[in-house]
Amino acid sequence: MTTTRDNIYASPLDEPGQFAFDSSVVSVFPDMIKRSVPGYTTIIAMTGLLAGRYATSDSKIYDLGCSLGASTLAMRQHVHHESCEIIGVDNSQAMLDRCRNIIDTDTHELPVSLLCGDIQDVPIETASVVVLNFTLQFIAPELRDAVIQKIYDGLKPGGIMVLSEKVTFEDPHLDQLNIDLHHQFKSANGYSDLEIAQKRTALEDYLRPETLNQHKQRISTAGFSSCDVWFQCFNFASLVALK
């Protein structure tokens, strides 16, 4: 797949508007997320390894908020069980159309189904692995408990949930430090101050991060037997939770 450079916020906008996963974002998404999320490539690759370890026969693997299918493809490389399938869910049809094209060029054989819809409305059934890579942060905070509870209820015993999120910090100094480091990361990847500022405005009140403690408490309340951070870089972290 040819990668198009992200220039969406490169020119001054009178009103950036709310960020949306529309066709303009789809066309630059691989470049956007790699230049915006520190550790993204590692998180995706290790998601595949985790799925290879915990996926079981006669089960389903869910990639919730699958976007262009990066996590789906990573898991597809490492899961080789019979009667196992990946279900990718996203509420952007533009994302799913491009995702299907990408998956159709992949040579791995694990079946993949794609569903267009909100993840809070999709049933989770007989799952061995459920992945939410940078997805829960776009769900309204008051709906997040129910989403995690539904995932727990739909997981088979011994199954895992992988949750990757942008996070915030309770200590104001550490919070500002990690925000600044993230902005420096984006600058080093070629984003201008204008691009960083305009995208921040577009994501305000849409991407709502929480602390790691908030995530851990929600996961514990849902019933998971253990949960901890397995990867973190600045204000981006990934947790694994075991049922």
Side-chain angles (χ1 to χ4, degrees), residues 6 9 16-21 32-47 49-50 64-65 67 70-71 119-120 130-152 160-243:
D6 172 25
Y9 296 101
Q18 188 180 79
F19 186 87
F21 292 99
M32 173 186 286
I33 198 161
K34 287 179 182 178
R35 292 166 62 206
S36 300
V37 179
Y40 177 77
T41 301
T42 298
I43 289 172
I44 295 301
M46 295 306 103
T47 294
L49 291 180
L50 286 166
L64 302 180
S67 61
S71 298
I119 66 170
Q120 58 261 43
V130 179
V131 173
L132 303 92
N133 278 336
F134 307 106
T135 299
L136 193 68
Q137 60 197 24
F138 295 109
I139 301 296
E142 64 271 17
L143 301 177
R144 295 176 187 177
D145 287 0
V147 170
I148 299 303
Q149 187 66 60
K150 180 179 68 171
I151 291 170
Y152 175 83
I160 64 163
M161 176 182 70
V162 178
L163 175 68
S164 306
E165 291 276 289
K166 185 177 184 180
V167 297
T168 188
F169 296 81
E170 295 169 358
D171 183 303
H173 177 81
L174 287 178
D175 194 48
Q176 190 59 53
L177 171 63
N178 281 279
I179 290 171
D180 292 345
L181 289 170
H182 180 219
H183 289 170
Q184 286 181 266
F185 170 85
K186 295 177 75 171
S187 294
N189 282 328
Y191 282 115
S192 67
D193 291 344
L194 175 65
E195 288 175 290
I196 294 170
Q198 291 193 139
K199 188 175 182 182
R200 184 171 63 246
T201 299
L203 286 169
E204 193 174 10
D205 296 327
Y206 179 43
L207 191 166
R208 284 170 281 187
E210 296 177 297
T211 66
L212 285 170
N213 283 338
Q214 286 175 297
H215 286 297
K216 289 179 178 181
Q217 182 60 54
R218 178 180 295 117
I219 290 167
S220 176
T221 299
F224 284 92
S225 62
S226 64
C227 168
D228 216 329
V229 175
W230 67 269
F231 179 89
Q232 183 173 352
C233 185
F234 305 147
N235 48 354
F236 290 84
S238 188
L239 302 95
V240 61
L242 178 68
K243 180 169 180 176

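What you see is a predicted model; the values in this text were computed from it and never measured.
Separating the CE atom in M32 from the CG atom in N189 is a distance of 13.0 Å, to the nearest 0.5 Å. One finds the CG atom of D6 at 6.5 Å from the OG atom of S36 (value rounded to the nearest 0.5 Å). Here the straight-line distance linking atom CG of N235 with atom CG of D175 works out to 7.5 Å at 0.5 Å rounding. In this structure, OG on S164 lies 12.0 Å from CE on M46, to the nearest 0.5 angstrom. Between the CD1 atom in I33 and the CZ atom in F134 there is a gap of 6.5 Å [rounded to 0.5 Å]. Within the model, atoms CD1 of I219 and CG of L242 stand 11.5 Å from one another, a figure rounded to the nearest 0.5 Å.
Counting only heavy atoms from C-beta outward, the side chains of P209 and Q137 never approach each other to under 4.5 Å. At least one side-chain heavy atom of S187 sits less than 4.5 Å from a side-chain heavy atom of I196. Between L64 and V130, the closest side-chain pair of non-hydrogen atoms falls below 4.5 Å. Residues Q232 and L212 form a side-chain contact, since some pair of their non-hydrogen atoms from C-beta on lies under 4.5 Å apart. Taking the side chain as every heavy atom from C-beta outward, E165 and L163 approach each other to under 4.5 Å. Residues V147 and I119 have side chains in contact (heavy-atom distance under 4.5 Å, counting atoms from C-beta outward). Counting heavy atoms from C-beta on, the side chains of F19 and L207 never come closer than 4.5 Å. No side-chain heavy atom of R200 sits less than 4.5 Å from a side-chain heavy atom of P16.
Although no hydrogens or angles enter the test, the distance criterion places no donor-acceptor pair under 3.5 Å between the side chain of Q18 and the main chain of A202. A donor-acceptor pair under 3.5 Å is absent between the side-chain atoms of S220 and the main chain of K216, judged by distance alone. Distance alone, capped at 3.5 Å, is enough to place a donor-acceptor pair between the Q214 side chain and the T211 backbone.
Across all non-hydrogen atoms, the minimal contact from E170 to N213 is OE2-ND2, 3.2 Å. In plain terms, the two heavy atoms of V240 and W230 that are nearest each other are N-CD1, 3.7 Å. Shown here for H173 and D171, the closest heavy-atom pair between the two residues is N-OD1, 2.7 Å.
Residues Y191 and H183 keep their aromatic ring centres 6.0 Å or farther apart.
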(request) Would you please test T47 and N133 for side chain to side chain contact (heavy atoms under 4.5 Å, CB included) and show each step? (result) CA-CA 9 Å; T47 294; N133 278 336; 3.4 Å; yes
(request) Check the pair H215 / L136 against side chain to side chain contact (heavy atoms under 4.5 Å, CB included), numbers first and verdict last. (result) CA-CA 10 Å; H215 286 297; L136 193 68; 4.1 Å; yes
(request) Let me see the working for I151 and L132 under side chain to side chain contact (heavy atoms under 4.5 Å, CB included), right down to the final yes or no. (result) CA-CA 10 Å; I151 291 170; L132 303 92; 3.5 Å; yes
(request) Start with the C-alpha distance between M161 and I148, add both sets of side-chain angles, then the distance that settles side chain to side chain contact (heavy atoms under 4.5 Å, CB included), and finish with yes or no. (result) CA-CA 9 Å; M161 176 182 70; I148 299 303; 3.8 Å; yes
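Within the cation-pi definition used here (under 6.0 Å to the ring centroid, within 45° of the axis), K243 qualifies as a partner of Y152. Within the cation-pi definition used here (under 6.0 Å to the ring centroid, within 45° of the axis), K34 does not qualify as a partner of Y40.
The 12-atom threshold is not exceeded at CG of D193, counting heavy atoms of other residues, nucleotides or ligands nearer than 6.0 Å.
Remark: of the listed residues F169, F234, F236, F236 is the sole one forming a ring-ring contact (aromatic ring centres under 6.0 Å, His included) with H182.
With salt bridges taken as basic N to acidic carboxylate O contacts below 4.0 Å, one links E210 and R144.
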